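See structure below.
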There are 2 protein chains.
Amino acid sequence: MQETDIIDLMMHHGVKPTANRIMIANAFVKEHRPLSMSEIETQLESVDKSVISRTLALFRERHLVHVLPDGGDGIRYELCHSCSDDHDDDAHIHFYCGRCGKTFCLEDIPIPEVSLPEGYQAESVNYMVTGLCPDCR
Amino acid sequence: MQETDIIDLMMHHGVKPTANRIMIANAFVKEHRPLSMSEIETQLESVDKSVISRTLALFRERHLVHVLPDGGDGIRYELCHSCSDDHDDDAHIHFYCGRCGKTFCLEDIPIPEVSLPEGYQAESVNYMVTGLCPDCR
DNA sequence: CCGGTTGTGCAACTCAGTTGCAAAAGAGTT
DNA sequence: AACTCTTTTGCAACTGAGTTGCACAACCGG
């Protein structure tokens, strides 16, 4: 993805593309995997954590990123590709490596569906496999 | 499950059954769903949070509970039923209600398996559906 | 150039969870 | 029971991730 594409994406979601925001969005493109706030903080030393916090909140509100549970204990943000501007859609499984702590998207693997018991109404599904990634095996 | 069973379970996992620990384990039996630390804190006002913290760490180490991501942003602990004393096993899906914030075990629904790409080595799988529970619909 | 809106950087704050430590409770021995 | 050693408990202090308040800077339309 080019930087111009990112800017387009942000505009399309009603987010003004400032320098900080572009850097943060670029971090997702560069790593190509869901990032935690602290990972972004480490990667972008020059950007204050308050800016990162507020930017992620904004991105989330505008459906530019969505949230998924970290394999460890927190949450991660993933750049939306197929999400519309008012609805999140994230249909692939994720893999959390217990050694390096990274989370990967396995984009080719759709989440298998299940049928819920009477009364439960699903909105979204998260499928997370924990184990060792190719680099850490 | 009777209180004597809980004590047996604890003994079997090498955990000395003190009054506090029995109360904490009972909370899981009573609620019959994964609990967060703060939920336990609320339910057992008389038990100090440091005791809860240390007890959960111990339970976890001895495979009496295992951990799963909270649908929200933290983690929850679930009493192991089928886990051996040195290995966790948790093969059913979970449901997180976005309104009341509770997490439910759907014990009858096994997690559908997927085949991972070359190089990824799975250890455990978590399948979490978010939505509205029967009480909150 | 001006005035209003939006974004930024710093410091202060919050809150869940953890840790240090001394007192209390247990368990085994004589 | 008295003694000693180990484990658990309760309190207070600490920690760290994340958020918020606020003044200043950047931006934008007229």
Side-chain angles (χ1 to χ4, degrees), chain A residues 6-7 9-28 34-62 64-78 96 101-103, chain B residues 6-7 9-28 34-62 64-78 96 101-103:
Chain A
I6 293 167
I7 292 173
L9 190 65
M10 288 171 64
M11 306 269 270
H12 182 252
H13 286 259
V15 173
K16 201 194 293 182
T18 68
N20 281 336
R21 289 171 182 172
I22 292 170
M23 282 196 284
I24 292 170
N26 262 327
F28 286 101
L35 299 175
S36 63
M37 203 186 131
S38 63
E39 282 175 329
I40 299 173
E41 229 173 304
T42 307
Q43 194 174 123
L44 302 176
E45 283 184 45
S46 70
V47 184
D48 191 82
K49 62 180 180 165
S50 70
V51 173
I52 298 174
S53 167
R54 284 190 269 233
T55 300
L56 289 173
L58 177 68
F59 281 9
R60 192 174 166 178
E61 185 188 314
R62 300 290 163 82
L64 219 139
V65 301
H66 52 103
V67 176
L68 57 133
D70 186 340
D73 57 359
I75 56 177
R76 280 165 194 273
Y77 301 85
E78 178 175 22
Y96 172 75
K102 290 182 185 165
T103 296
Chain B
I6 293 168
I7 292 173
L9 190 65
M10 289 172 65
M11 306 270 270
H12 182 253
H13 287 257
V15 173
K16 200 193 293 181
T18 69
N20 281 336
R21 290 170 183 174
I22 293 170
M23 280 196 285
I24 293 169
N26 262 327
F28 286 101
L35 300 175
S36 64
M37 200 187 132
S38 63
E39 282 175 331
I40 298 172
E41 229 174 303
T42 307
Q43 195 175 123
L44 303 176
E45 282 183 46
S46 70
V47 184
D48 191 81
K49 62 181 179 163
S50 70
V51 172
I52 298 174
S53 167
R54 285 189 268 234
T55 300
L56 289 173
L58 177 68
F59 281 8
R60 192 173 166 178
E61 184 188 315
R62 302 290 164 83
L64 219 139
V65 300
H66 52 103
V67 176
L68 57 131
D70 186 340
D73 57 359
I75 57 178
R76 278 165 195 273
Y77 301 85
E78 179 176 21
Y96 173 76
K102 289 182 187 167
T103 297

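All figures in this text were calculated on a predicted structure; none of them were measured in a lab. Residue numbers start from 1 in every chain, and the chains themselves are labelled A, B, ... in the order their sequence lines are given, proteins ahead of strands.
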Fill in the blank from the handout: Heavy atoms of B:F28 and B:Y77 approach each other most closely as CE2-O, 2.9 Å
Practice task
Nearest whole angstrom, please: distance from the C1' of D:dA17 to the CG of B:D73.
Solution key: 11 Å
Fill in the blank from the handout: Per nearest nucleotide of DNA chain D, the residue lying toward the 5' end, B:T55 or A:S36, is B:T55
Handout entry: B:L9: side-chain contact (heavy atoms from CB on, under 4.5 Å) partners, not counting sequence neighbours
Key = B:H13, B:L64
Identify the pairs formed between an N or O of the protein and an N or O of nucleotides 22-27 of chain D at a distance under 3.5 Å, and give each distance.
none

Handout entry: Partners meeting side-chain contact (heavy atoms from CB on, under 4.5 Å) with A:S53 (sequence neighbours left out)
Key = A:M37
Completion exercise
So CD1 of B:I7 and NE2 of B:H12: to nearest 0.5 Å the spacing works out to 15.5 Å
Problem - Sub-4.5 Å side-chain heavy-atom contact between A:E78 and A:T103 - result: no
Fill in the blank from the handout: For A:D73, the side chain to side chain donor-acceptor pair (under 3.5 Å) test, sequence neighbours excluded, returns none
Practice task
Return the set of residues passing side-chain contact (heavy atoms from CB on, under 4.5 Å) with A:S50 (not counting sequence neighbours), or none when no residue passes.
Solution key: A:D48, A:R54
Exercise for the section: Looking only at non-hydrogen atoms, find the nearest pair between B:Y96 and B:G71 and report the distance. Expected result: CG-CA, 3.3 Å
Problem - Spacing between B:M10 atom CE and D:dT7 atom P, to the nearest angstrom - result: 16 Å
Exercise for the section: Please figure out whether A:G74 or B:A19 has its closest DNA chain D nucleotide nearer the 5' end. Expected result: B:A19
Exercise for the section: Spell out, as yes or no, whether a donor-acceptor pair under 3.5 Å connects the side chain of B:R21 to the backbone of B:T55. Expected result: no
Fill in the blank from the handout: Sorted by number, residues from residues 45-53 of chain B placing a heavy atom under 4.0 Å from DNA chain C are B:K49, B:S50, B:S53
Practice task
Calculate the interatomic distance between B:I22 atom CD1 and D:dT8 atom C1'; express it in whole Å.
Solution key: 13 Å
Would you list the atom pairs, donor with acceptor, under 3.5 Å between side chains in residues 40-47 of chain A and any protein atom, with sequence neighbours excluded?
{"residue": "A:T42", "atom": "OG1", "partner": "A:S38", "partner atom": "O", "Å": "2.8"}
{"residue": "A:Q43", "atom": "NE2", "partner": "A:E31", "partner atom": "OE2", "Å": "3.4"}

Practice task
Apply salt bridge (charged side-chain N to carboxylate O under 4.0 Å, His left out) to B:R76 and list each qualifying residue two or more places apart in sequence or on a separate chain.
Solution key: B:E39, B:D70
Completion exercise
With a 4.0 Å cut-off (strictly under) to non-hydrogen atoms of chain B, the first and last hit nts on DNA chain C, 5' to 3', are C:dG17 to C:dC21
